[in-house]
Amino acid sequence: MLQKPRGTRDFLPEEMERRRRIEGCMRETARRWGYREICTPDFEHLELFTLKSGEGIIQEMYVFEDKGGRQMTLRPEVTASVLRAYVNEGKVLPKPIRWCYFADCFRYERPQKGRYRQFWQFGVELIGADTASADAETITLADELLRTAGVTFDLQIGHLAPMKRLTQDLPPEGQRAVMAHLDKRNHAGLEQSLAEIGRDDLFEPLIGLVDSRDPAAVFEIAGDMPERSRIEELFAILDSMEISYTPNFGIARGLDYYTGMVFEAFAPNLGAENQILGGGTYRLAHLFGGDDAASSGFAVGFDRVMVSLGEFPLEKTPIAAVVSTPEARARAWEVARAFRAAGIQTEIDLMQRGLSAQLAHAAKTADYAVILGRRECESGRVTLKNLHSGTQQEMTLAEAISGVSQHGAC
RNA sequence: GCCAGGGUGGGGUAGCUGGUUAUCCUAAGGGACUGUGGAUCCCUCGACCCGGGUUCGAAUCUCGGCCCUGGCCCCA
């Protein structure tokens with residue numbers, strides 16, 4: 001038997017209903033904040049992502065050569081595409097630009113819990129605003145999005161400036177290593193890296209930075225800096241909005257293009273892959289030939305949110321099954337059409353089953369049976385049977401439709 | 001790329017210290033039952049992940065691959 005590709009999943013209707021429901025929550029929240037949907041290609045020129053993230057990511061992507069000999073790749077994320085689209089067509093739009101997307105992405109990685117080779121991200125990008133308010137909007141929207149979806153999470157917010165200030169004298173490789181260790185809270189690795197470059201004196205301040213839960217203490221350690229007022233303003237807005245978060249000035253997000261604020265959210269009930277959201281402020285447009293627009297944004301790991309949420313009840317709408325004898329076949333089609341026109345999910349027998357078997361089937365899949373035989377054909381009425389209570393009654397078609405509409409599923 | 005544990009009908013399983021036709025539950029389809037359902041009974045359908053090796057004989061032992069689950073690395 002043919003298997004699905006490694007790291008991919010089939011979603012059956014039950015699961016799709018759950019996914020669409022949560023997707024709808026996220027879309028609605030973004031809409032209320034003025035973020036309108038953008039859709040970019042599933043595949044892009046490879047160069048788009050190597051420009052953004054370096055050559056090293058090629059081995060993690062689905063790269064292919066198209067029939068014209070072009071180096072292409074399935075998108076591993078959406079931010080690069082959105083910024084490319086901005087450079088291509090968004091330059092003249094009034095700023096700030098608020099865009100959101102819900103899209104599948106592809107990464108050639110080893111699958112594990114919450115990590116798949118095809119996965120979905122819901123994200124927003126706020127382009128052209130370079131203020132504490134813009135930072136605050138990005139974070140607050142992220143918080144609201146996750147809360148609306150119903151997921152339990154820890155929100156951690158940091159800023160790259162203090163860490164960069166402390167490590168500004170280090171060689172680039174040293175700085176990179178130090179930030180990586182801090183991001184992973186790897187104290188032993190940090191100590192070793194600092195020793196290798198002869199800067200053991202930085203160990204205590206850097207640890208203090210990461211462990212600090214008070215922004216004021218961070219400036220005590222790292223000293224004053226130009227970004228200080230913006231950072232303080234950001235946290236003031238978040239506090240006034242009563243956002244629940246943990247300051248974490250050890251977040252490095254690993255990538256060079258982040259310029260200031262960075263934030264992440266974690267779901268405590270997930271395994272090793274427990275980060276469900278990540279974002280920050282960045283500059284990318286200039287890489288793709290555009291202006292140096294300041295941007296901020298985040299992406300939600302939609303599949304991880306779904307794993308974290310687990311099973312939850314779905315609201316049911318009533319289902320009607322039209323059950324008929326062979327002689328009432330034509331009438332059954334008419335009645336089914338009328339039910340569907342009223343917006344009711346309605347199914348009709350396609351298996352040429354006997355009345356008994358039709359009812360047996362309806363009892364498993366529907367809430368109401370609309371029974372049609374010679375008697376109903378002659379009277380022009382229908383028999384409506386409630387399949388949960390077992391009660392049934394003959395009535396007009398209109399009465400049956402309104403009865404099903406009003407009672408809902410049991 | 002690395003580590004651990006797994007892979008038997010659509011789903012869940014027994015067998016796995018080699019030996020008849022591979023067990024059971026469930027689902028699905030049909031019948032008992034041509035105007036009334038989920039019960040019951042009967043029937044049908046349908047599986048040893050793939051390939052090599054050992055053996056008279058492999059679901060079982062062995063090797064390789066693939067895939068699944070979790071972890072490492074990475075995490076845009």
Side-chain angles (χ1 to χ4, degrees), chain A residues 1-10 12 14 44 48-61 73-83 105-117 119 121 123 180 183-184 186 189 251-258 262 264 266 270-280 282 284 287 297-299 301 304 307 321 323-328 349-378 382-394:
Chain A
M1 201 197 334
L2 229 45
Q3 293 174 318
K4 64 183 181 301
R6 180 163 202 200
T8 64
R9 294 152 293 163
D10 295 318
L12 299 184
E14 181 94 357
E44 295 270 7
L48 177 68
F49 300 104
T50 54
L51 275 174
K52 174 174 181 263
S53 307
E55 299 284 326
I57 59 162
I58 292 178
Q59 59 184 323
E60 312 277 289
M61 291 195 292
T73 184
L74 298 180
R75 62 178 167 217
E77 48 121 355
V78 188
T79 299
S81 297
V82 172
L83 269 289
C105 304
F106 304 84
R107 294 183 190 174
Y108 195 88
E109 296 182 295
R110 181 72 197 252
Q112 53 185 280
K113 186 175 186 179
R115 172 184 281 186
Y116 309 96
R117 289 185 168 182
F119 60 99
Q121 287 191 335
D183 195 53
K184 287 178 219 157
N186 179 355
I251 300 174
R253 303 250 347 114
L255 271 293
D256 294 335
Y257 55 84
Y258 282 105
V262 285
E264 301 175 331
F266 301 88
L270 294 180
E273 300 291 330
N274 63 345
Q275 187 183 333
I276 58 172
L277 177 148
Y282 60 88
L284 279 175
L287 287 178
F298 63 83
R304 293 182 187 176
V307 172
V323 168
S324 68
T325 61
E327 60 199 315
D349 172 59
L350 304 175
M351 311 276 279
Q352 300 199 308
R353 289 177 167 125
L355 191 68
S356 175
Q358 288 183 50
L359 270 166
H361 179 258
K364 296 178 206 164
T365 60
D367 303 293
Y368 291 91
V370 184
I371 302 169
L372 299 167
R374 188 197 309 167
R375 289 201 296 273
E376 286 82 1
C377 285
E378 286 171 355
V382 305
T383 296
L384 181 67
K385 185 183 187 79
N386 182 320
L387 290 167
H388 298 286
S389 67
T391 59
Q392 69 179 58
Q393 192 180 346
E394 196 176 315

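Here is the naming used below: chain letters follow the sequence lines, and residue numbers restart at 1 for every chain.
For A/Glu109 (side chain) and A/Glu60 (main-chain N/O), no donor-acceptor pair under 3.5 Å exists by modelled atom type. A/Glu376 places a side-chain N or O within 3.5 Å of a backbone atom of A/Gly373 that can act as its donor or acceptor partner. Side-chain atoms of A/Arg75 never come within 3.5 Å of backbone atoms of A/Glu44 as a donor-acceptor pair (strictly under, hydrogens ignored).
Under the Watson-Crick or G-U wobble criterion, with both distances below 3.5 Å, B/G5 is paired with B/C68. With a cut-off of 3.5 Å on both pairing distances, the Watson-Crick or G-U wobble partner of B/G10 is B/U26. Across all strands shown, B/A59 remains unpaired; no Watson-Crick or G-U wobble contact has both distances below 3.5 Å. In a base pair of the Watson-Crick type (N1 to N3 plus N6-O4 or O6-N4) or a G-U wobble (N1-O2 and O6-N3), with each distance short of 3.5 Å, B/C41 is matched with B/G31.
A/Arg107 pairs by the side-chain hydrogen bond (donor to acceptor under 3.5 Å, both in side chains) definition with nothing, not counting sequence neighbours.
When heavy atoms are screened at a 4.0 angstrom cut-off, A/Glu109 is found touching base atoms of the nucleic acid. Using a 4.0 Å heavy-atom distance criterion, A/Glu60 is classed as a base contact. Using a 4.0 Å heavy-atom distance criterion, A/Lys4 is classed as making no nucleic acid contact. Among the heavy atoms of the strands, none lies under 4.0 Å from A/Gly56. Heavy atoms of A/Gly7 sit under 4.0 angstrom from primed sugar atoms or phosphate atoms, though from no base atom. Residue contacts shown for A/Glu273 include a base, since a base heavy atom lies under 4.0 Å away. Residue-level contact check: A/Ala360 touches the backbone only, with heavy atoms under 4.0 Å from sugar-phosphate atoms and none from bases.
The residue among A/Lys184 and A/Leu270 whose nearest nucleotide of RNA chain B lies closer to the 5′ end is A/Leu270. Judged by closest nucleotide on RNA chain B, A/Ala272 is the one of A/Ala272 and A/Arg107 placed further toward the 5' end.
Between the C1' atoms of B/A47 and B/U21, the separation comes to 15 Å (whole Å). Using atom P as the reference point in both B/A32 and B/G19, the two lie 42 Å apart (nearest Å). Nucleotides B/G10 and B/C72 place their C1' atoms 35 Å apart, quoted to the nearest Å. Across B/A14 and B/G51, the matching P atoms stand 25 Å from one another, rounded to whole Å. Taking atom P in both B/G64 and B/A28, one finds a spacing of 42 Å when rounded to whole Å. The same atom, P, is picked in B/G11 and in B/G52; the two are 25 Å apart, to the nearest Å. Of the C1' atoms belonging to B/G5 and B/C75, the separation is 25 Å, rounded to the nearest Å. For the P atoms, the distance linking B/C43 with B/U23 amounts to 14 Å, nearest Å.
Computed from coordinates, the A/Leu83 CG to B/A76 P distance equals 16 Å when rounded to whole Å. Residue A/Asn386 contributes atom CG, which lies 16 Å from atom P of B/G38 at whole-angstrom precision. For A/Tyr368 and B/G37, the OH to P distance is 19 Å, given to the nearest whole Å. Between A/Gln59 atom CD and B/C2 atom P there is a gap of 13 Å when expressed in whole angstrom units. One atom, CD of A/Gln358, and another, C1' of B/G38, lie 16 Å apart when rounded to the nearest Å. To the nearest angstrom, C1' of B/G38 lies 10 Å from CG of A/Leu387. The OH-C1' distance, from A/Tyr258 to B/C75, rounds to 11 Å in whole Å. Protein atom CZ of A/Arg115 is 14 Å distant from nucleotide atom P of B/G1, rounded to whole Å.
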- For nucleotides 28-35 of chain B, read 5' to 3', which letter fits each nucleotide if B means a protein heavy atom sits under 4.0 Å from the base, S means only the sugar-phosphate is that close, and - means neither? SSS--B-B

- In the 5'-to-3' direction, what one-character label does each nucleotide of nucleotides 41-50 of chain B receive under the scheme B = base within less than 4.0 Å of a protein heavy atom, S = sugar-phosphate only, - = no such atom? ----------

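The phosphate of B/C68 (OP1 or OP2) has a side-chain N or O of A/Arg6 nearer than 4.0 angstrom. OP1 or OP2 of B/G71 has at least one side-chain nitrogen or oxygen of A/Gln112 nearer than 4.0 Å.
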- Item | Pair A/Glu394-A/Arg375, salt bridge (charged side-chain N to carboxylate O under 4.0 Å, His left out): steps then yes or no | CA-CA 10 Å; A/Glu394 196 176 315; A/Arg375 289 201 296 273; 5.4 Å; no

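A/Arg117 places a side-chain heavy atom less than 4.5 Å from the side chain of A/Tyr108.
A donor and an acceptor atom never sit less than 3.5 Å apart when one is taken from the side chain of A/Arg9 and the other from the base of B/C68.
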